[in-house]
Enquirer: 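Dropping the structure in here first, questions after.
Proteins get letters first, then strands, A, B, ... in listed order; numbering begins at 1 in each. Atom set for the values below is all heavy atoms of this structure, side chains included, hydrogens, waters and symmetry mates excluded.
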2 protein chains.
Amino acid sequence: MMEHAQEALFRPVRAGNAFEETVERLMQAIRLGVVAPGERLPSERELATRLGVSRVTVREAIRSLQENNYVESRRGRYGGTFVNDVIPKSAPGKEFGDIQDALTLRKVLETGAAETAAGRSLGSAERRGLRVRLEEASTATLAEYRRKDSRLHLAIAEATGSASLTAAVAESRMRVNELLDTIPLLEPNLAHSNAQHERIITSILDGDPLAARQAMAEHLDGTASLLRGFLV
Amino acid sequence: MMEHAQEALFRPVRAGNAFEETVERLMQAIRLGVVAPGERLPSERELATRLGVSRVTVREAIRSLQENNYVESRRGRYGGTFVNDVIPKSAPGKEFGDIQDALTLRKVLETGAAETAAGRSLGSAERRGLRVRLEEASTATLAEYRRKDSRLHLAIAEATGSASLTAAVAESRMRVNELLDTIPLLEPNLAHSNAQHERIITSILDGDPLAARQAMAEHLDGTASLLRGFLV
DNA sequence: CTCCAAAGGTATGTCTGCGAGCCATTGGCG
DNA sequence: CGCCAATGGCTCGCAGACATACCTTTGGAG
């Protein structure tokens with residue numbers, strides 16, 4: 001019997017209870033900037049359907065976000081639940097192994113995504129989308145940088161055309177962002193990242209898979225060593 | 001709001017109910033060969049703890065496996081639930097998009113795993129483990145090939161030292177194996193695969209990440225085009 | 001030969017989460 | 001100005017899953 005593989009297969013079947021998991025998803029959407037401050041979340045009924053949980057559970061999750069001031073709800077037609085400008089909260093301490101694990105998975109997923117995206121023939125909408133996200137990230141302030149950065153990286157994952165790869169990247173980024181939130185974000189890092197983003201997107205749009213992979217790998221190694229330096 | 005990214009974030013929070021998910025996990029362990037025919041599953045109490053479900057749920061899952069003749073249970077000390085020799089069941093029809101999605105994710109994960117494993121300094125136990133799995137796969141009969149093949153690929157994922165990457169590979173393989181079970185497995189494919197496995201493992205043991213990635217990519221492309229040919 | 005630890009088999013009461021329905025509020029449209 | 005569609009707010013009963021406890025079987029150790 002393969003002892004090590006069992007750890008993967010016999011891990012817990014549920015990430016948590018439905019409520020906690022729902023909170024986590026909504027937090028992801030907010031922290032990754034998929035729903036930006038001022039924008040509206042899908043309606044409770046729609047979220048319940050899409051997340052596969054009851055509306056009661058969705059409401060409990062939203063209530064807890066309200067209590068932490070992440071969102072505000074308004075009733076009536078054209079009402080809804082709107083995202084506030086939020087202060088990212090810091091994560092609890094992590095083990096070295098966890099960090100290494102998260103970074104390993106991220107590198108595999110994101111370099112693979114960049115290579116795959118570069119190897120596809122992208123539609124004009126996708127090409128435009130990538131350029132827009134790049135522009136957004138490059139003009140972002142320190143406060144909004146993490147969110148804009150995530151949007152760009154998610155856009156790259158989407159450009160692979162694989163929904164499950166996009167989901168995996170989103171989850172992976174969430175894990176890594178928790179770690180990144182605990183360390184300072186400095187202007188020089190930001191400028192450096194922007195230059196790397198530029199290379200990555202250019203390589204993808206030029207249809208150069210190897211260059212895209214290489215550029216993404218360097219980009220990720222930057223933040224990875226930053227993380228290891230600060231947290232270990 | 002990023003419409004496409006929402007599809008990933010707002011996907012259902014639970015893969016299914018606890019019972020179905022538990023059945024799925026046990027099936028994975030059996031179909032991937034992590035627990036081989038004749039071997040014993042962990043005890044019900046242990047599975048309940050590790051999977052994070054109640055023993056009642058574990059028992060219901062095991063019962064349904066018994067009814068489908070995948071396992072047999074024996075009472076008493078040194079009893080337990082033992083894996084039978086099973087006939088792989090065929091999967092229901094899939095959409096082309098699903099196939100593409102599964103193959104894209106698999107390629108990203110497994111080429112990344114091969115490269116990462118080759119870039120690490122492996123312990124002697126890990127090196128030996130890889131050689132053993134390679135040997136097992138190369139001497140496998142047609143009937144046991146899929147299982148031995150999966151064991152080898154999982155061993156490569158484990159060699160990255162990343163538990164979450166291993167879990168992702170296991171899940172990905174499960175998806176792809178469902179598809180592979182619907183198409184014939186031929187001797188020539190098998191011989192070809194063995195040669196490729198040899199190259200992959202040699203590259204990993206030699207510490208040559210690029211060669212490992214390259215060899216894995218070619219290996220996966222082989223079955224990928226086979227699949228596309230048969231299923232589309 | 002006896003004991004007993006460890007495994008599967010069974011039963012019960014509790015609680016979470018779900019479904020479904022209804023209420024309250026709001027702002028645009030006719 | 002009144003209607004009404006779409007949204008959040010609320011309640012109640014049911015089904016699934018859980019924790020816990022106890023029973024039954026088995027085979028090795030003493």
Enquirer: May I have the distance from A:Glu60 (atom CD) to D:dG8 (atom P), rounded to whole angstrom?
Expert: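 Those two atoms, CD and P, are 16 Å apart.
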Enquirer: To the side chain of B:Phe19, which of D:dG8, C:dG17, D:dA17 is closest?
Expert: D:dA17
Enquirer: Any donor-acceptor pair under 3.5 Å linking the side-chain atoms of B:Asp101 with those of A:Ser164?
Expert: yes
Enquirer: For the residue pair B:Asp149 and B:Ser193, confirm or rule out a side-chain donor-acceptor distance under 3.5 Å.
Expert: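 No, because no side-chain N or O of B:Asp149 sits under 3.5 Å from a partner of the opposite role on B:Ser193.
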Enquirer: Does the side chain of B:Thr57 get closer than 4.0 angstrom to OP1 or OP2 of D:dC18 through an N or O atom?
Expert: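 Looking at the OP1 and OP2 atoms of D:dC18, one of them is under 4.0 Å from a side-chain N or O of B:Thr57.
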Enquirer: For C:dG8, does the base pair up with any side-chain atom of B:Arg45 as donor and acceptor (N or O, under 3.5 Å, distance only)?
Expert: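 Answer is yes: a donor-acceptor pair is held.
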Enquirer: For the helix from C:dC1-D:dG30 to C:dG30-D:dC1, what is the angle between the axes at its two ends, each from 5 pairs, rounded to 10°?
Expert: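 The helix from C:dC1-D:dG30 to C:dG30-D:dC1 shows an end-to-end axis angle of 0°.
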Enquirer: If you only use heavy atoms from C-beta on, which nucleotide in D:dG8, D:dA17, C:dC18 is closest to the side chain of A:Arg59?
Expert: D:dG8
Enquirer: Restricting to side-chain contact (heavy atoms from CB on, under 4.5 Å), what partner residues turn up for A:Phe82, sequence neighbours left out?
Expert: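 Testing A:Phe82 for side-chain contact (heavy atoms from CB on, under 4.5 Å), a comparison that skips the adjacent residues, returns A:Arg40, A:Arg74.
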Enquirer: B:Arg120: which residues meet the side-chain contact (heavy atoms from CB on, under 4.5 Å) condition with it, sequence neighbours left out?
Expert: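 Partners of B:Arg120 by the side-chain contact (heavy atoms from CB on, under 4.5 Å) criterion, ordered by chain and then number, come out as B:Leu122, B:Glu126.
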Enquirer: Rounded to the Å, how far apart are A:Leu47 CG and D:dA6 P?
Expert: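 After rounding, the reported distance stands at 17 Å.
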Enquirer: In whole angstrom, give the distance that lies between atom CD of B:Glu72 and atom C1' of C:dA7.
Expert: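 Checked: the CD to C1' distance equals 16 Å.
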Enquirer: Once side-chain contact (heavy atoms from CB on, under 4.5 Å) is applied, do any residues pair with B:Arg45, and if so which ones, sequence neighbours excluded?
Expert: B:Ser43, B:Arg55
Enquirer: Can you measure A:Glu46 atom CD to D:dA6 atom P for me and round it to whole angstrom units?
Expert: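 My rounded result for the distance is 13 Å.
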Enquirer: Could you say whether A:Ile62 or B:Val58 is positioned toward the 5' end of DNA chain D, judged by the nucleotide with the nearest heavy atom to each?
Expert: A:Ile62
Enquirer: Tell me: CD of A:Glu21 to P of C:dG17, nearest whole Å?
Expert: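 Distance check: A:Glu21 CD to C:dG17 P gives 12 Å.
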Enquirer: Nearest whole angstrom, please: distance from the C1' of C:dG17 to the CD of A:Glu20.
Expert: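 Result: 13 Å.
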Enquirer: Compute whether any side-chain donor of one residue and acceptor of the other, for A:Arg59 and A:Ser64, lie under 3.5 angstrom apart.
Expert: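 The answer is no; no qualifying pair exists.
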Enquirer: Give one of base, sugar-phosphate or nothing for B:Arg74, where a contact means two heavy atoms less than 4.0 Å apart.
Expert: sugar-phosphate
Enquirer: Check side-chain hydrogen bond (donor to acceptor under 3.5 Å, both in side chains) between B:Ser54 and all other residues, then give those that pass, not counting sequence neighbours.
Expert: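 side-chain hydrogen bond (donor to acceptor under 3.5 Å, both in side chains) list for B:Ser54, sorted by chain: B:Thr57.
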Enquirer: Return the value, rounded to whole Å, for the distance between atom CD of A:Glu44 and atom P of D:dC10.
Expert: 10 Å
Enquirer: Any idea which of C:dG9, C:dG19, D:dC18 is nearest the A:Val56 side chain?
Expert: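 Closest nucleotide to the A:Val56 side chain: C:dG19.
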Enquirer: Could you pull out all residues at least two apart from B:Glu136 that satisfy salt bridge (Lys or Arg N to Asp or Glu O under 4.0 Å)?
Expert: B:Arg133, B:Arg151
Enquirer: Output the rounded distance in Å from CZ (B:Arg55) to P (D:dC22).
Expert: 14 Å
Enquirer: Kindly write out the residues that satisfy side-chain contact (heavy atoms from CB on, under 4.5 Å) with A:Gln66, not counting sequence neighbours, or none if the list is empty.
Expert: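 A:Gln66 satisfies side-chain contact (heavy atoms from CB on, under 4.5 Å) with A:Ile62, A:Arg63, A:Val71, A:Ser73 once adjacent residues are dropped.
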Enquirer: Which residues, if any, of residues 75-82 of chain A bring a heavy atom under 4.0 Å of DNA chain D?
Expert: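 Heavy-atom contacts with DNA chain D come from A:Arg75, A:Gly76, A:Arg77, A:Gly80, A:Thr81.
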Enquirer: Under the ring-ring contact (aromatic ring centres under 6.0 Å, His included) definition, can you give me all pairs with a residue in residues 151-182 of chain A, not counting sequence neighbours?
Expert: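 Residue pairs passing ring-ring contact (aromatic ring centres under 6.0 Å, His included), neighbours aside: A:His153-A:His197, A:His153-A:His219.
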